There are 2 protein chains.
Amino acid sequence: MSKAKLLVVEDDPNLGDILHEYLTMKGYDTTLCRDGEEGWSKFKKDKFDLAILDVMMPKKDGFTLGKEIKKVQEDLPVIYLTAKNLKEDIIEGLKIGADDYMTKPFSMEELLLRIGAILRRTQKSDEIQALKVYNFGDFELHYDEQYIKGPNGDHKLTSKENELLRLLASEINKLVNRSHALKQIWGDDSYFNARSMDVYLSKIRKILKDDPKVQIITVHGEGFKMVVTG
Amino acid sequence: MSKAKLLVVEDDPNLGDILHEYLTMKGYDTTLCRDGEEGWSKFKKDKFDLAILDVMMPKKDGFTLGKEIKKVQEDLPVIYLTAKNLKEDIIEGLKIGADDYMTKPFSMEELLLRIGAILRRTQKSDEIQALKVYNFGDFELHYDEQYIKGPNGDHKLTSKENELLRLLASEINKLVNRSHALKQIWGDDSYFNARSMDVYLSKIRKILKDDPKVQIITVHGEGFKMVVTG
DNA sequence: TTAGCCACTTAACAATATTTAACAGCCATT
DNA sequence: AATGGCTGTTAAATATTGTTAAGTGGCTAA
């Protein structure tokens with residue numbers, strides 16, 4: 001996944017520079033504009049994931065720019081920066097369908113968190129997830145379809161078998177901590193869950209008998225690891 | 001369009017009452033709970049558009065509740081209420097993918113504006129979701145016309161079949177939580193509705209037999225996912 | 001009105017998945 | 001070697017899901 005592109009429009013040179021520097025440092029591809037008109041022309045030239053607009057700016061204010069942007073790209077998330085106590089502004093901004101706003105002064109950290117939250121939300125929808133297959137020895141674990149293909153044919157898996165196998169297969173030759181596995185798959189590390197996991201380990205070992213090169217080794221008191229030889 | 005349903009979980013009786021009264025007056029269908037556990041049980045029984053959770057509460061804190069809710073319904077927007085200077089809390093909350101948070105004390109007006117903004121945003125994406133045709137494998141689900149076109153011909157659907165198929169088809173390869181599906185389509189998660197849904201799943205699986213590349217996989221205790229191979 | 005159809009629900013039973021119990025073996029430590 | 005705490009394995013007990021059929025109530029066409 002490539003960097004998210006941010007359009008920052010801020011007329012205060014000081015704050016503008018800080019924003020630009022900080023966001024760039026945090027891994028965003030940041031474009032800084034000094035006023036609304038510049039912001040508009042940059043917006044037209046490029047494709048952004050999020051816009052951060054100061055409300056009070058010369059030539060073209062942030063809300064006007066925001067409205068124009070929404071006309072072209074309704075779903076672009078916008079964070080408005082506004083001075084405190086500008087209630088009228090806030091109201092108007094939110095009426096446009098603004099996604100968020102922050103009153104000055106604000107902490108960079110908080111801004112960063114909001115950016116993260118918004119991007120996570122908007123990007124989630126267009127994630128396309130590839131089907132996952134894990135290979136080890138003569139096996140192919142088809143995690144999404146919940147079955148394993150072995151040298152002697154396929155084998156349907158239950159959800160727990162599937163999860164446990166994936167955990168092991170994703171860390172071949174590496175130790176999988178018992179407690180970690182329990183918390184990961186069963187939700188918490190309790191006596192009965194641990195016994196249950198042992199039962200599943202036993203089942204999985206049976207399945208893996210089809211290829212002697214693949215083994216699950218237990219490290220007493222620590223956990224297990226799947227080992228593939230040859 | 002009917003009233004938006006809000007789930008408010010706030011242990012301070014004073015603030016709780018104020019929130020409840022104010023939001024109800026402003027036209028929201030507001031459910032007030034006194035602690036996290038009550039909030040969870042209300043959430044399970046009903047379908048909400050937005051949750052407002054106090055972070056510090058007895059029995060079950062707001063973040064824990066928020067996490068549990070997200071497991072069932074990832075896209076439910078949440079506003080966290082938190083005391084000032086709880087940076088750690090804020091950070092953790094936003095990491096969950098939280099949609100917003102407000103530090104106490106806050107003005108009712110500001111809360112209202114945020115609620116409005118969030119609802120506007122999420123309802124917008126619901127509209128986008130109203131695609132007419134969903135494709136998966138050799139099938140075309142014509143949601144609006146309530147039928148499915150398969151390799152061996154068309155098939156009329158009942159509304160429940162239609163809804164359930166859409167839910168699965170709109171999240172190919174992704175888990176659809178059982179409880180979420182129930183609330184989405186049947187209105188609430190009860191024993192009999194769950195059995196009813198199982199019956200419908202069975203029907204749908206029969207229909208989907210026409211293309212072996214398409215499968216509905218059950219994840220025990222969690223839900224299902226529609227998987228398309230090839 | 002009323003018989004019949006349809007969508008949906010409830011019931012009943014079958015099949016699976018997971019947990020718990022029971023017992024056997026192993027491991028490290030004394 | 002003996003002890004107590006872990007792990008391996010199998011089987012029984014529960015819980016969840018799959019499937020089919022019967023029940024229910026609303027709606028429509030005669």
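Here the structure is a predicted model, which means the values were calculated and not measured. Every chain is numbered from 1, with letters handed out A, B, ... down the list of sequences.
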Atom pair distance, as rounded to whole Å: [atom1] in [X] and [atom2] in [N]:
| X | N | atom1 | atom2 | answer |
| --- | --- | --- | --- | --- |
| I207(A) | dG8(D) | CD1 | P | 16 Å |
| K203(B) | dC6(C) | NZ | P | 12 Å |
| Y200(B) | dT20(D) | OH | C1' | 14 Å |
| K160(B) | dG26(D) | NZ | C1' | 14 Å |
| I217(B) | dT16(D) | CD1 | C1' | 17 Å |
| I204(B) | dT17(D) | CD1 | C1' | 15 Å |
| M197(B) | dG18(D) | CE | P | 9 Å |
| D198(A) | dA21(C) | CG | P | 15 Å |

Ring-plane angle category for H142(A) and Y147(A), please: parallel below 30°, perpendicular beyond 60°, tilted otherwise.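 Geometry flag for Y147(A) against H142(A): parallel rings.
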Does S196(B) or T158(A) map to a spot on DNA chain C nearer the 5' end, using the closest nucleotide for each? S196(B)
Let me know, please, whether E161(A) or N193(B) comes out on the 5' side of the other along DNA chain C by nearest nucleotide. N193(B)
Rounded to the nearest 0.5 Å, what's the gap from NZ on K203(B) to NZ on K206(B)? Could you check? 9.0 Å
To the nearest 0.5 Å, how far apart are CZ in R205(A) and CZ in F224(A)?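 Separation between the atoms: 7.5 Å.
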Base, sugar-phosphate, or nothing for R195(A), non-hydrogen atoms under 4.0 angstrom? base
Pick base, sugar-phosphate or nothing for K156(B), based on heavy-atom distances below 4.0 Å to the nucleic acid.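 Contact class for K156(B): none.
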Counting only heavy atoms from other residues, nucleotides and ligands, does the tally under 6.0 Å from NZ of K42(B) exceed 12?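 Not buried by this count: 12 neighbours or fewer within 6.0 Å.
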Using heavy atoms to find the nearest nucleotide of DNA chain D for E222(A) and G223(B) separately, return the residue whose nucleotide is more 5′.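 Of the two residues, E222(A) wins.
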5'-most by nearest nucleotide on DNA chain D - H220(B) or K206(B): H220(B)
Side chain of [X]: nearest nucleotide among [options]?
| X | options | result |
| --- | --- | --- |
| R205(B) | dG18(D), dT10(D), dT18(C) | dG18(D) |
| T218(B) | dG18(D), dT10(D), dT7(D) | dG18(D) |
| F192(B) | dT10(C), dT18(C), dT9(C) | dT10(C) |

Side chain to side chain contact (heavy atoms under 4.5 Å, CB included) partner of V8(B), the single match among T31(B), L50(B), T24(B), L23(B):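 Between V8(B) and the candidates, side chain to side chain contact (heavy atoms under 4.5 Å, CB included) is satisfied uniquely by L23(B).
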Does a side-chain N or O from S159(B) land closer than 4.0 Å to OP1 or OP2 of dC8(C), or not?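 Checking dC8(C) against S159(B), a side-chain N or O does come within under 4.0 Å of OP1 or OP2.
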Presence of W186(A) side-chain N/O under 4.0 Å of dT19(C) phosphate oxygens OP1/OP2: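 So the side chain of W186(A) is within the cut-off, an N or O lying under 4.0 Å from OP1 or OP2 of dT19(C).
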